*Asks:* 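Can you keep this structure in mind? I'll have questions shortly.
Within every chain, numbering begins at 1; the chains are lettered A, B, ... in the order of the sequence lines, protein sequences first and strands thereafter. Computed from a prediction, not measured in an experiment: that's the story for all the values here.
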Number of protein chains: 2
Amino acid sequence: MKIKKEVTIYDLAKELNYSPSTISRALNNHKSISKKTIKLIKDAAQEMGYRPNNLAAGLRNNKSNTIGVLISRINRPFMASLISGIEETARKEGYNVLISQSNDKYENEVSNCNALYDSRITGLIVSLSMETVDTAHFQKFVEQGIPIVFVDRVPENFNSYKVVIDNYTAGYTATKHLIEQGCTRIAHFAGAQHRNIYEERKKGYLDALRDSGLPILEELVVHFKTLSFEEGTKATKKLLKLDAPPDGIFSANDTAAVSAVMCAKKMGVEVPDQLAVIGFNDDPIASIMQPSLSTVSHPASKMGAISARRILNHSGHNYDSDLTEITVLGTEIIQRDSSMKKTKAPTV
Amino acid sequence: MKIKKEVTIYDLAKELNYSPSTISRALNNHKSISKKTIKLIKDAAQEMGYRPNNLAAGLRNNKSNTIGVLISRINRPFMASLISGIEETARKEGYNVLISQSNDKYENEVSNCNALYDSRITGLIVSLSMETVDTAHFQKFVEQGIPIVFVDRVPENFNSYKVVIDNYTAGYTATKHLIEQGCTRIAHFAGAQHRNIYEERKKGYLDALRDSGLPILEELVVHFKTLSFEEGTKATKKLLKLDAPPDGIFSANDTAAVSAVMCAKKMGVEVPDQLAVIGFNDDPIASIMQPSLSTVSHPASKMGAISARRILNHSGHNYDSDLTEITVLGTEIIQRDSSMKKTKAPTV
DNA sequence: TAAATTTACGCAATCGATTCCGTTATTTAT
DNA sequence: ATAAATAACGGAATCGATTGCGTAAATTTA
């Protein structure tokens with residue numbers, strides 16, 4: 001198989017009797033090239049099948065019009081939507097998107113981070129792995145003036161762009177919602193507390209209880225490692241076997257919430273009347289399962305779009321690594337069957 | 001903010017009194033460099049914080065150690081898993097993954113295709129958009145000897161690598177399963193018939209009916225445009241209002257199948273006893289919903305891994321554009337509640 | 001009409017890694 | 001001991017696009 005030779009600006013230059021400089025400038029609409037010449041060159045480029053070599057341009061400019069994305073896992077509804085939002089926004093501006101997943105391992109995060117760095121990405125969008133505590137591997141980007149946007153699972157001690165939701169308020173409101181449904185013994189499925197999003201959700205939960213004059217029952221606060229289905233099932237079983245089982249659960253994600261609903265049903269506990277459940281994320285499953293799952297909706301795609309926009313708008317800015325710019329998005333409580341009691345117990 | 005200067009092989013050369021050639025060779029374990037020198041250089045590189053510039057290497061070699069992925073949408077369970085499989089495999093070999101989504105628009109597919117081409121990807125993995133009929137935009141890759149792997153939604157008239165599942169057998173077996181459950185009036189939710197996967201699934205469905213001596217009822221075969229939830233609801237309503245409604249549905253995807261189950265429940269039709277339903281894909285939702293959805297499982301992540309492997313193994317091969325190499329993966333019927341009738345009707 | 005701009009373009013260096021040819025030492029074969 | 005082979009490395013061109021600086025011609029200004 002013969003490889004067809006690529007057309008370069010030098011070929012165009014020779015063909016049209018212009019210098020490569022002029023060709024390059026014309027293709028980039030440089031103002032010092034006359035409009036006629038630009039048209040002439042662009043038409044010829046089109047006809048000769050010229051295609052720019054991004055690698056060459058990238059080498060010269062030391063950047064690649066590429067946004068790097070570093071997340072835990074792609075096949076999670078939230079992450080997939082996030083990437084989708086990033087990709088759409090980036091591509092409109094002619095940027096490519098490089099993805100890599102850490103599978104929630106710190107080690108992978110570091111090596112992927114380095115690989116993205118070597119690819120001279122224009123900017124990096126990160127949602128931290130579950131394990132990550134140290135963030136030194138991101139420092140080299142700062143030193144190169146490459147913008148970093150942390151999304152959702154963000155570090156606390158790192159100045160950069162951040163795009164998050166108001167986890168505290170979401171946790172508070174979700175818990176309040178259960179209280180309004182008449183729950184008095186509300187359990188919480190808490191995520192790893194070194195990830196601030198989970199910490200905030202828990203704080204919101206605790207404050208909602210306090211503000212409503214409800215006691216905080218230590219045995220009803222379950223700390224999860226990964227908020228998986230299995231963990232959720234186990235926790236739910238244990239809770240429901242208590243002498244005084246909970247009458248409501250606020251789970252920090254939908255996966256665990258779903259497991260709680262299903263486990264309760266299996267154990268003959270009525271959802272929502274004996275146990276009201278609200279999750280977090282509004283995974284597709286939430287609206288389909290029976291009973292449908294109340295949850296907190298998370299504007300994933302929008303967060304992706306905003307993150308990408310941050311990177312795109314950054315170029316040219318001088319990077320102030322002492323500054324943190326946070327974008328906080330609102331969430332929405334989606335009230336579905338799993339939390340809407342038919343018979344409300346009297347409020348305390 | 002001062003930008004820290006990057007360390008290049010020239011810096012290393014100066015520092016160690018070697019030529020850039022030697023540095024380059026040492027870092028690539030070239031055999032004509034002594035082991036001692038290699039170790040010396042690598043240690044120094046490590047210490048000085050050297051990081052290779054992929055753009056420069058890519059320019060020189062005219063490739064970028066990057067696999068391009070072109071799919072319809074990222075936030076679909078199947079696609080997300082596919083990408084996940086690609087990414088994992090690629091990264092282990094030091095390859096990056098560029099993603100782009102067509103949103104099922106032909107126009108987007110073409111422009112994304114060109115963008116990936118310009119980025120000098122090592123290989124391309126594609127799942128065609130719903131609209132795509134013409135595949136001329138992929139031709140330039142062939143001309144450059146860049147391997148293309150079509151996955152799942154593949155073209156018929158294009159020689160290259162293909163990774164698919166046996167859609168015919170899957171459709172046949174799924175339909176057979178319904179027949180074994182006693183269904184005699186089985187409807188089919190068919191996808192766009194110019195996408196071969198949907199054509200094959202339908203063929204399997206038709207042949208299963210024939211082989212079982214069941215009549216093919218035209219009014220029970222519904223052709224969808226996108227197999228969306230809304231389309232599914234509409235189709236189900238219409239079917240159930242027929243004088244002789246179906247007692248089973250084989251849907252070409254889970255989304256439409258789910259909508260059928262829910263619609264039936266709303267209309268007071270018992271699933272599975274009055275209407276058995278089986279979907280396709282084994283989306284996460286299938287196992288969670290009630291009744292849980294029978295479906296055909298699709299090894300998405302594995303397909304991604306195999307596709308990536310095809311690209312990685314291709315390098316060096318001479319590309320025979322007259323050859324098509326197809327990898328066919330098996331599927332599995334997952335029998336869940338939505339199709340397991342308690343009371344089997346007598347078989348015809 | 002001479003001087004000052006402006007317009008439109010060319011020259012050549014540059015980005016960093018790779019690789020085809022050499023060129024010395026050093027070892028092996030005869 | 002001398003020719004032949006091998007090991008270990010250097011020189012310099014190359015990939016394709018970009019851009020600071022320079023220049024000739026065209027236009028405007030005084």
*Asks:* So does A:Ser19 get a side-chain nitrogen or oxygen closer than 4.0 Å to the phosphate oxygens (OP1/OP2) of C:dG10?
*Replies:* yes
*Asks:* Would you say A:Tyr50 and A:Asp11 make side-chain contact, with heavy atoms under 4.5 Å?
*Replies:*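 They are not in contact (no side-chain heavy atoms under 4.5 Å apart), so the answer is no.
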*Asks:* Between residues 21-33 of chain A and DNA chain C, which residues have a heavy-atom gap below 4.0 Å?
*Replies:*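 By residue number: A:Ser21, A:Thr22, A:Arg25, A:Ser32, A:Ile33.
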*Asks:* Out of D:dT19, C:dA17, C:dT18, which nucleotide sits closest to the side chain of B:Tyr50?
*Replies:* C:dA17
*Asks:* Could you verify whether a donor N or O on one side chain and an acceptor N or O on the other, from B:Asn96 and B:Arg91, lie under 3.5 Å apart?
*Replies:*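 Present: a donor and an acceptor within the cut-off.
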*Asks:* Rounded to the Å, how far apart are A:Lys14 NZ and D:dA17 P?
*Replies:*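 Value for this atom pair: 13 Å.
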*Asks:* So if I take residues 110-119 of chain B and measure heavy-atom distances to DNA chain C, which residues fall below 4.0 Å?
*Replies:*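 Per residue number, the list is empty: none.
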*Asks:* Please check if atom CD in B:Gln139 has more than 12 non-hydrogen atoms from other residues, nucleotides or ligands closer than 6.0 Å.
*Replies:*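 Yes, enclosed.
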*Asks:* Does either side chain, that of A:Ser19 or that of A:Thr22, offer a donor lying less than 3.5 Å from an acceptor on the other one?
*Replies:*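 Side chains of A:Ser19 and A:Thr22: pair found under 3.5 Å.
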*Asks:* With side chains defined as the heavy atoms from C-beta onward, is the minimum distance between A:Thr37 and A:Tyr18 less than 4.5 Å?
*Replies:* yes
*Asks:* Would a distance-only check, ignoring hydrogens and angles, find a side-chain to backbone donor-acceptor pair under 3.5 Å from B:Asn103 to B:Lys105?
*Replies:*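 No; judged by distance alone, with no hydrogens or angles, the pair does not exist.
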*Asks:* Using the C1' atoms of five pairs at each end, what's the angle between the two axes of the helix from C:dT1-D:dA30 to C:dT30-D:dA1, to 10 degrees?
*Replies:*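 The angle, to the nearest 10 degrees, is 30°.
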*Asks:* Measure from CD on B:Glu6 to C1' on C:dA17 and round the result to the nearest Å.
*Replies:*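 Rounded to whole Å, this separation is 14 Å.
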*Asks:* Whole angstrom is fine here: how far is it from CZ in A:Arg120 over to P in C:dG16?
*Replies:*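 Taking CZ of A:Arg120 and P of C:dG16, I get 8 Å after rounding.
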*Asks:* Without decimals, in angstroms, what is the distance between A:Asn62 CG and C:dT14 P?
*Replies:*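 It works out to 16 Å between those atoms.
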*Asks:* Measure CG/B:Asn65 against P/C:dA17 and give the value in whole Å, please.
*Replies:* 14 Å
*Asks:* Do B:Arg120 and B:Tyr117 form a cation-pi contact, if we require the NZ or CZ to be under 6.0 Å from the six-membered ring centre and within 45 degrees of the ring's axis?
*Replies:*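 Yes, B:Arg120 sits over the ring of B:Tyr117.
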*Asks:* Which value, rounded to the nearest 0.5 Å, describes the distance between B:Glu15 atom CD and B:Ile41 atom CD1?
*Replies:*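 Answer for the CD-CD1 pair, B:Glu15 versus B:Ile41, is 12.0 Å.
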*Asks:* In whole angstroms, how far is the C1' atom of D:dT18 from the OH atom of A:Tyr18?
*Replies:* 19 Å
*Asks:* Could you walk me through whether A:Gln101 and A:Ser72 satisfy the side chain to side chain donor-acceptor pair (under 3.5 Å) test, starting with their C-alpha distance in whole Å, then the side-chain angles of each, then the deciding distance to 0.1 Å, before giving a yes or no?
*Replies:* CA-CA 5 Å; A:Gln101 43 188 352; A:Ser72 54; over 6 Å; no
*Asks:* Using the side-chain heavy atoms of A:Ile9, tell me which of these nucleotides is nearest: D:dT19, D:dA17, C:dA8.
*Replies:*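 The closest nucleotide is D:dA17.
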*Asks:* Round to a whole Å and report the spacing from CG of A:Leu55 to C1' of C:dT18.
*Replies:*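 Going from A:Leu55 (CG) to C:dT18 (C1'), I get 14 Å.
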*Asks:* Of the nucleotides C:dT18, C:dC9, D:dC9, which one has an atom closest to the side chain of B:Ser34?
*Replies:*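 From the listed options, D:dC9 comes nearest.
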*Asks:* Is the closest side-chain donor-acceptor distance between A:Glu87 and B:Ser100 under 3.5 Å?
*Replies:* no
*Asks:* Using atom CZ of B:Arg60 as one end and atom C1' of C:dA17 as the other, report the distance to the nearest whole Å.
*Replies:*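 Distance, rounded to whole Å: 8 Å.
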*Asks:* Under the salt bridge (charged side-chain N to carboxylate O under 4.0 Å, His left out) criterion, do A:Arg195 and A:Glu131 qualify, and how do the steps go?
*Replies:* CA-CA 9 Å; A:Arg195 276 283 77 80; A:Glu131 290 181 2; over 6 Å; no
*Asks:* Using the rule given for side chain to side chain donor-acceptor pair (under 3.5 Å), can you reason through B:Asp104 versus B:Ser129, listing the C-alpha separation, both sets of side-chain angles and the distance that settles it, and then say yes or no?
*Replies:* CA-CA 4 Å; B:Asp104 274 321; B:Ser129 92; 4.9 Å; no
*Asks:* Considering heavy-atom distances to DNA chain D, does B:Ala56 or B:Ile38 have its closest nucleotide positioned more toward the 5' end?
*Replies:*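 In this pair, the answer is B:Ile38.
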